[in-house]
Amino acid sequence: MGNEQTFIVGRTEAELAQWLKAGFVAAFGEDCRAMIIRVTPATDPAFGDFQCNDAMPLAKTLRKPPRAIAEAAVKAQPLSDALSKVEVAGPGFINLTLNPAWLARQVAEQAALPHAGLPQPGTGKTVVLDYSSPNVAKPMHIGHIRSTIIGNAIDRMYRALGYRVIADNHLGDWGTQFGILINGYRAFVDQARLAESPVEELERIYVQSYAKTKEDPVWLDACRQELVKLQQGDPENLALWKRFIELSIEEFNRIYARLDVSFDLYRGESYYNDKLAGVVKQLETAGLAKESDGATVVFLEEEGLPVCIVRKKDGGFNYATSDLATVQSRVAEFNPDRIVYVTDERQQDHFKQFFTISCKLGNATHLEHVWFGLMRLPEGIFAARQGNVIKLEKLLDEAETRALAIIQASSPEMPEAQQRELAQAIGIGAVKYADLSHDPRTMIVFTWDRALALDGNSGPYLQYAHARICSLLDKHAAQFPGEDCNTADLLLADPGERQLALQLLQFPVAVVRAAESYKPSILAEYLFALSQDYSSFYQRLSVLKAETKEQRLSRARLCALVAGVLREGLGLLGIRTPRRI
RNA sequence: GCGCCUGUAGCUCAAUUGGAUAGAGCAUCAGACUACGAAUCUGAGGGUUGCAGGUUCGAUUCCUGCCAGGCGCGCCA
């Protein structure tokens with residue numbers, strides 16, 4: 001799971017590798033036809049543009065010094081017209097330097113493709129993506145942000161790669177907590193507060209009612225009664241339950257709108273209720289489930305996993321049963337190639353358990369658990385009872401406030417409505433980027449300054465680079481009307497121009513790698529590197545005042561291509577790219 | 001106790017899945033704006049990659065053993 005050993009390379013690397021392999025075959029015979037020759041970007045520009053390290057491992061099988069192998073392969077055929085130089089260095093590295101005209105053609109060809117050159121490996125394939133999944137009647141806090149933002153980035157990347165994606169928000173809308181909530185609601189609801197802030201009020205009710213179950217057995221029993229009534233379809237309880245869900249979704253949607261997140265489906269756990277008994281029956285028939293201490297369980301000792309309970313002593317079903325039913329339903333309805341779950345790290349065992357059981361029941365669809373590290377505060381983990389929960393809405397408000405202050409200082413002449421809109425794009429962009437730029441598996445310690453960083457390696461840095469290009473291109477169009485840089489020849493004489501061209505070629509690779517490994521951070525890191533290269537280029541080389549017209553048009557086109565990749569790439573991360581910031 | 005994960009610059013993180021001199025941002029210090037937008041750029045200092053072994057041309061990466069931390073482990077989801 002998650003450890004695909006596939007090597008992802010771009011068109012350019014593949015073409016260079018093919019040429020090199022012909023050299024190996026020419027030098028060492030047809031046996032080399034089956035071997036893997038990989039070309040990767042050079043680790044240091046001093047070495048060239050690309051490199052191949054595969055001569056060294058061949059020393060053993062070919063029984064020759066690795067450096068001699070590399071040299072023989074390189075000399076076995078005339079130099080490719082893609083290259084201006086090939087060198088063997090160190091123990092046997094093969095360093096490749098591209099012919100600038102050929103590099104320019106590669107860049108132009110890629111730019112002509114849709115989505116800035118993304119391949120379409122997902123054509124004809126379906127992915128069900130299960131993410132965000134907050135619980136009904138509980139406000140979203142910053143613990144929910146990772147699943148939502150990471151999940152949404154994965155969603156966007158897979159769509160861009162041609163997959164049909166079914167984004168499903170698997171709401172926590174069923175379970176014992178509804179007995180506690182319904183009973184509490186009747187006793188404690190404050191209608192004014194409910195109207196003011198529904199989900200907050202529901203949470204308050206839940207907390208109060210839950211506390212009472214701990215000290216008052218009669219109350220606890222009453223809560224159980226309400227749950228049973230709900231499960232049996234009591235109209236009043238059913239209506240209350242539905243109301244709780246409506247109020248919650250309304251509030252969630254307000255936050256999703258601010259985050260530019262949307263789903264194809266909102267199927268909560270309750271959607272699969274009537275299938276749960278059938279799942280247990282299947283497990284029993286298949287000989288997988290057994291009775292134990294009054295419950296029905298599946299033992300997974302051979303897999304080294306804990307026992308999985310599929311039916312409780314009281315006859316109720318739980319998480320694993322519900323997830324098994326969900327898989328069956330999704331497979332039947334969508335026939336997906338993969339189902340991907342984005343949740344926090346604590347659920348790893350649970351997913352291993354139900355993936356294993358699902359497999360034993362005959363499910364052949366690939367199931368993937370994408371987990372991320374918990375978000376923590378410097379003083380420790382979040383806990384509602386410690387009162388240290390930071391609501392997601394408050395985080396977003398704070399982000400926009402901070403961004404607005406900077407905009408007001410730097411662009412006081414801008415109309416206020418526009419300032420606010422920008423503050424939204426920048427503030428939310430900063431929050432998203434702060435999360436997406438880290439490997440999902442790392443545990444994040446939340447601090448305001450880190451989450452809302454506006455300089456250095458941050459969302460606004462990338463947005464700034466993009467906006468500056470837009471401004472530059474506007475000026476170019478105004479100063480040189482009728483001159484279209486988009487068809488200009490790319491002249492890549494300067495190392496700064498060359499570096500940008502090489503970096504542009506890496507965009508499709510970055511997206512595919514990010515998607516396949518479920519790590520948007522790979523794309524974020526790429527975009528940051530591209531922006532850094534651009535800023536450096538921009539500082540040193542003039543576009544509008546270039547020495548020749550050809551050079552000016554070439555550089556303007558390079559800028560336009562960078563802007564295009566930034567727009568596309570940030571779009572895949574769900575980060576907006578205003579023309580002016 | 002068992003299982004999963006993590007340990008890299010003062011701080012937050014990378015390192016193209018075993019490659020060349022381990023790179024960025026923040027912070028610190030020194031520079032660059034009568035501007036193709038300074039939310040930027042140039043440079044400097046800062047490292048025994050938790051510790052000890054092993055595998056090989058080559059290890060932050062793979063293996064073993066320790067140390068430290070996080071998470072999980074039978075009726076919550």
Side-chain angles (χ1 to χ4, degrees), chain A residues 3-5 7-9 38 40-44 46-47 51 53 56-57 59-60 65-67 89-93 95 133 135 172 174-177 269 292-297 304-314 316 318-320 322-323 344-350 352 371 373-374 376 381 403 406-407 410 426 434 437-439 441-445 447 449-450 453-458 460-461 463-465 467-469 471-476 479 506 509-510 513 517 521-522 525-526 528-529 532 535-536 538-546 552 555-556 559 580-581:
Chain A
N3 283 330
E4 277 108 307
Q5 292 296 314
F7 303 113
I8 296 157
V9 295
R38 279 201 302 152
T40 55
T43 53
D44 186 326
F47 300 142
Q51 65 184 64
N53 307 332
M56 291 171 280
K60 249 177 288 171
R67 200 179 160 109
F93 296 103
N95 291 329
S133 309
N135 287 326
W174 198 249
T176 50
Q177 74 267 28
E269 292 160 12
S292 170
D293 291 339
T296 307
V297 307
L305 291 169
V307 159
C308 181
I309 295 169
V310 293
R311 184 168 49 205
K312 297 186 285 184
K313 201 155 49 178
D314 67 6
N318 45 16
Y319 199 24
S322 171
D323 276 340
D344 73 62
E345 59 185 332
R346 290 176 299 188
Q347 304 192 34
Q348 288 176 75
D349 275 349
H350 161 72
K352 281 182 199 159
W371 58 265
L374 284 173
R376 307 172 67 81
I381 197 165
I406 290 176
I407 293 162
S410 66
I426 293 170
S437 60
H438 295 99
D439 185 318
R441 298 190 176 198
T442 57
M443 184 183 75
I444 285 195
V445 177
T447 66
D449 285 342
R450 243 174 258 151
L454 301 172
D455 57 354
N457 187 355
S458 69
Y461 177 94
Q463 291 172 319
Y464 178 70
R468 219 160 41 161
I469 296 174
S471 159
L472 176 61
L473 292 174
D474 287 346
K475 282 214 168 77
H476 185 270
Q479 282 181 34
Q506 291 305 308
V509 184
R513 283 182 53 222
S517 60
S521 57
I522 290 173
E525 199 186 333
Y526 164 78
F528 178 61
Q532 275 185 313
S535 295
S536 191
Y538 176 85
Q539 174 73 20
R540 203 166 54 76
L541 302 173
S542 183
V543 176
L544 299 182
K545 292 176 197 154
R552 166 168 54 77
R555 286 181 185 167
C559 291
R580 180 184 168 183
I581 77 167

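As the structure is a prediction and not an experimental result, all values here were calculated from the model. Every chain is numbered from 1 and lettered A, B, ... according to where its sequence line falls, protein lines coming before strand lines.
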### Task
Pick base, sugar-phosphate or nothing for A:A510, based on heavy-atom distances below 4.0 Å to the nucleic acid.
nothing
### Query
Got a donor-acceptor pair under 3.5 Å from the side chain of A:Q347 to the base of B:A77?
no
### Task
Among the candidates B:C36, B:C75, B:A38, find the nucleotide nearest to the side-chain atoms of A:R468.
B:A38
### Query
Can you find a heavy atom in the side chain of A:Y461 that is under 4.5 Å from one in the side chain of A:N457?
no
### Task
Compare every heavy atom of A:C308 with every heavy atom of A:A320, then report the nearest pair and how far apart it is.
CB-SG, 3.5 Å
### Query
Which one, B:G70, B:A39, B:A24, comes nearest to the side chain of A:P460?
B:A39
### Sugar-phosphate, base or nothing in reach of A:I407, heavy atoms under 4.0 Å
base
### Query
Is there side-chain contact between A:T176 and A:K312, with at least one heavy-atom pair below 4.5 Å?
yes
### Task
Ignoring hydrogens and angles, tell me if any N or O in the side chain of A:R38 forms a donor-acceptor pair with the backbone of A:N53 under 3.5 Å.
no
### Query
Contact class for A:S536 (heavy atom, under 4.0 Å): base, sugar-phosphate, or nothing?
sugar-phosphate
### Task
State plainly whether the residues A:R441 and A:D439 are in salt-bridge range, i.e. N to O under 4.0 Å.
no
### Query
Where the side chain of A:L544 is defined as all heavy atoms beyond and including C-beta, which of B:G25, B:C36, B:A38 is the nearest nucleotide?
B:C36
### Query
Can you tell me if the side-chain N/O atoms of A:K313 get under 4.0 Å from OP1 or OP2 in B:C75?
no
### Query
OP1, OP2 of B:C76 versus side-chain N and O of A:T176: anything below 4.0 Å?
no
### Task
Would you classify A:A89 as touching base, sugar-phosphate or nothing, given that sugar-phosphate means primed atoms plus P, OP1 and OP2, and contacts are heavy atoms under 4.0 Å?
base
### Query
Heavy-atom distance under 4.5 Å between the side chains of A:R513 and A:Y526, does that happen here?
no
### Message
So A:N95, base contact, sugar-phosphate only, or nothing? Heavy-atom distance under 4.0 Å.
### Response
base
#### Entry: Nearest to side-chain heavy atoms of A:I309, which nucleotide of B:A77, B:U16, B:G74
B:G74
### Query
Which of the following nucleotides, B:U16, B:A39, B:C36, is nearest to the side chain of A:P41?
B:U16
#### Entry: Within-4.5 Å side-chain heavy-atom neighbours: A:D293 and A:K313
no
### Query
For atom P, what is the distance between B:C13 and B:C75, given to the nearest Å?
34 Å
### Message
With a 4.0 Å cutoff (strictly under), does any side-chain N or O of A:K312 reach OP1 or OP2 of B:G74?
### Response
no
### Query
Closer than 4.0 Å, any side-chain N/O of A:R346 to the OP1 or OP2 of B:C73?
no
### Query
For the side chain of A:Y538, counting heavy atoms from C-beta on, which of B:A24, B:G37, B:C41 is nearest?
B:G37
### Query
Among B:C41, B:A39, B:A20, which nucleotide sits nearest the side chain of A:I426?
B:A39
### Query
Does a side-chain N or O from A:R376 land closer than 4.0 Å to OP1 or OP2 of B:C71, or not?
yes
### Message
Check for me: is A:Y319 stacked on B:C76 by the 5.5 Å centroid and 30° plane-angle rule?
### Response
no
### Query
Which nucleotide sits closest to the side chain of A:V297: B:G70, B:C36, B:G74?
B:G74
### Message
I'd like to check, for A:F93, whether its ring lies over the base of B:A20 with centroids under 5.5 Å apart and a plane angle smaller than 30°.
### Response
yes
### Query
Taking for each residue the nucleotide of RNA chain B with the nearest heavy atom, is it A:S535 or A:P66 whose nucleotide lies nearer the 5' end?
A:S535
### Task
Measure from the side-chain N and O atoms of A:Q51 to the backbone N and O of A:T43, and report whether any donor-acceptor pair falls under 3.5 Å.
yes
### Task
Name the residue closer to the 5' end of RNA chain B, choosing between A:T40 and A:D293 according to the nucleotide with the nearest heavy atom.
A:T40
### Query
A:Q463 versus A:P460: any side-chain heavy-atom pair under 4.5 Å?
yes
Check the interface with nucleotides 8-15 of chain B: list each N/O to N/O pair with the protein under 3.5 Å, or write none.
residue: B:C13; atom: OP1; partner: A:M443; partner atom: O; Å: 3.3
residue: B:A14; atom: OP1; partner: A:D439; partner atom: N; Å: 3.1
residue: B:A14; atom: O2'; partner: A:E525; partner atom: OE1; Å: 2.9
residue: B:A14; atom: O2'; partner: A:E525; partner atom: OE2; Å: 2.2

### Query
Is any side-chain N or O of A:S292 under 3.5 Å from a base N or O of B:G74, one able to act as donor and the other as acceptor?
yes
### Message
Tell me if a side-chain donor or acceptor on A:E525 pairs with a main-chain N or O of A:I522 at a distance below 3.5 Å.
### Response
no
### Message
Once you apply a heavy-atom cut-off of 4.0 Å, does A:F47 come out as touching a base, just sugar-phosphate, or nothing?
### Response
base
### Message
Between A:F93 and A:M56, is there a side-chain heavy-atom distance shorter than 4.5 Å?
### Response
yes
### Message
So, OP1 or OP2 of B:U17: does either fall under 4.0 Å of a side-chain N or O from A:R38?
### Response
yes
### Under 3.5 Å on both distances, the Watson-Crick or G-U partner of B:G25
B:C11
### Message
For B:U28, does the O4'-C1'-N9-C4 or O4'-C1'-N1-C2 angle fall within 90° of 0, making it syn, or is it anti?
### Response
anti
### Task
Determine the interatomic distance between P on B:U60 and the same-named atom on B:G54; round to the nearest Å.
15 Å
### Query
When rounded to the nearest Å, what value does the distance between P atoms of B:G1 and B:C26 take?
44 Å
### Task
Taking the side chain as every heavy atom from C-beta outward, state whether A:K475 and A:V543 have any pair of such atoms under 4.5 Å apart.
no
### Message
Regarding A:Q532, tell me which of base, sugar-phosphate or nothing describes its non-hydrogen contacts under 4.0 Å with the strands shown.
### Response
sugar-phosphate
### Message
Counting only side-chain heavy atoms from C-beta out, which of B:A77, B:C41, B:A38 sits nearest to A:N135?
### Response
B:A77
### Query
Taking any strand in view, what nucleotide pairs with B:U34 in a Watson-Crick or G-U wobble way, both distances under 3.5 Å?
none
### Message
Tell me whether the side-chain N/O atoms of A:Y461 come closer than 4.0 Å to OP1 or OP2 in B:C41.
### Response
yes
### Query
Does the base of B:A38 carry an N or O that pairs as donor and acceptor with the side chain of A:D455 under 3.5 Å?
no
### Message
Please report the distance, rounded to the nearest Å, between NZ in A:K60 and C1' in B:G58.
### Response
12 Å
### Message
So for A:S471 and B:G37, does any side-chain atom that can act as donor or acceptor lie under 3.5 Å from a complementary atom in the base?
### Response
yes
### Summary
side-chain contact (heavy atoms from CB on, under 4.5 Å) with A:Y464: of A:I469, A:I581, A:L454, A:I426, only one passes, and it is A:I581
Atom pairs, protein N/O to nucleotides 1-4 of chain B N/O, distance under 3.5 Å:
residue: B:C4; atom: O2'; partner: A:Q348; partner atom: OE1; Å: 2.9

